[in-house]
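Notes to accompany the following structure.
Scope of the values below: all heavy atoms of this structure, side chains included, with no hydrogens, waters or symmetry mates. All of these numbers come straight from a predicted model, not from anything done at the bench.
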Amino acid sequence: MKEVENSRGPIIYVDGGARNGAHDLAGIADRVKVYGFEPNPKEFRKLPDGPYMKTEYYPEALTERTGGPISLYVSRRPGATSTLEPNRELLAQFSADNW
C-alpha cells in the first residue's frame with residue numbers, strides 16, 4: 001500500500017495557557033505544529049519541547065485587548081493565571097485548593 005501525502009499541510013495547534021505542554025495530539029505528532037502561550041513565568045520555564053514537527057511557546061497572555069500594558073493575575077494555583085481579575089468572593093469557596 002502506497003502512503004498518501006497529506007496535501008493539506010500540517011495541523012496547526014494553538015494552546016492558550018500552555019502550562020504542562022501540548023499532549024493532545026501526540027499520536028499524530030509528525031503532522032502537527034504547536035504554538036503555545038503561557039504567561040506565568042514559572043510555568044513557562046517548565047514547558048517541554050514535545051514530539052511535534054514544530055513547537056514554539058511564547059511567554060504571552062491571550063487577551064482581547066490590543067496595545068499597552070495589561071495586568072496579569074498569577075494565582076498560587078498554577079493553572080489559574082489570567083488577565084481576568086479574580087472574583088475573590090467565588091474563590092474563597094475554594095481556599096482548600098490554594099486559589
Side-chain angles (χ1 to χ4, degrees):
M1 177 188 255
K2 183 177 178 182
E3 188 173 316
V4 179
E5 183 179 326
N6 181 357
S7 61
R8 295 182 186 172
I11 296 168
I12 305 299
Y13 180 85
V14 178
D15 189 359
R19 178 180 164 262
N20 296 327
H23 303 285
D24 300 331
L25 301 175
I28 56 170
D30 60 330
R31 297 183 189 165
V32 179
K33 291 184 179 182
V34 173
Y35 299 91
F37 300 85
E38 177 50 62
N40 184 325
K42 184 178 178 181
E43 296 301 317
F44 181 80
R45 288 189 295 273
K46 296 179 190 176
L47 288 169
D49 287 335
Y52 301 101
M53 61 188 295
K54 181 175 187 176
T55 304
E56 289 185 21
Y57 291 114
Y58 301 91
E60 310 283 337
L62 298 177
T63 179
E64 66 179 21
R65 186 170 172 176
T66 59
I70 190 165
S71 295
L72 181 67
Y73 300 93
V74 178
S75 171
R76 280 183 241 143
R77 186 172 188 262
T81 295
S82 179
T83 58
L84 301 175
E85 187 171 355
N87 177 332
R88 298 195 186 283
E89 184 178 317
L90 175 67
L91 297 177
Q93 298 176 42
F94 299 95
S95 61
D97 195 28
N98 295 316
W99 284 77

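For P86, the side chain to side chain contact (heavy atoms under 4.5 Å, CB included) partners are Y73, L91, not counting sequence neighbours. For the side chain to side chain contact (heavy atoms under 4.5 Å, CB included) test, residues two or more places apart in sequence or in another chain that qualify with P51 are A26, A29. Residues passing the side chain to side chain donor-acceptor pair (under 3.5 Å) test with D24, sequence neighbours excluded: Y13. For R45, the side chain to side chain contact (heavy atoms under 4.5 Å, CB included) partners are P41, K42, not counting sequence neighbours. Applying the side chain to side chain contact (heavy atoms under 4.5 Å, CB included) criterion to T81, with sequence neighbours excluded, gives P39, N40, L72, V74.
Of all the heavy atoms in N20 and L47, the pair that sits closest is N-CD2, 3.9 Å. V32 and I28 make their closest contact through CG2-O, 3.3 Å (heavy atoms, listed as atom of the first residue, atom of the second, distance). In terms of heavy atoms, L84 sits closest to S82 at N-OG, 2.9 Å. Looking at every heavy atom in both residues, M53 comes nearest to R31 through SD-C, 3.6 Å.
Apart from F37 itself, the hydrophobic cluster it occupies contains I12, V14, Y35, Y58, L62, where clustering links Ile, Leu, Val, Met, Phe, Trp and Tyr at side-chain heavy-atom distances under 4.5 Å.
No more than 12 heavy atoms of other residues, nucleotides or ligands lie within 6.0 Å of CZ in R88, so this atom counts as exposed by the packing criterion.
The list of salt bridge (charged side-chain N to carboxylate O under 4.0 Å, His left out) pairs with a residue in residues 46-63, not counting sequence neighbours, reads E43-K46, K54-E56.
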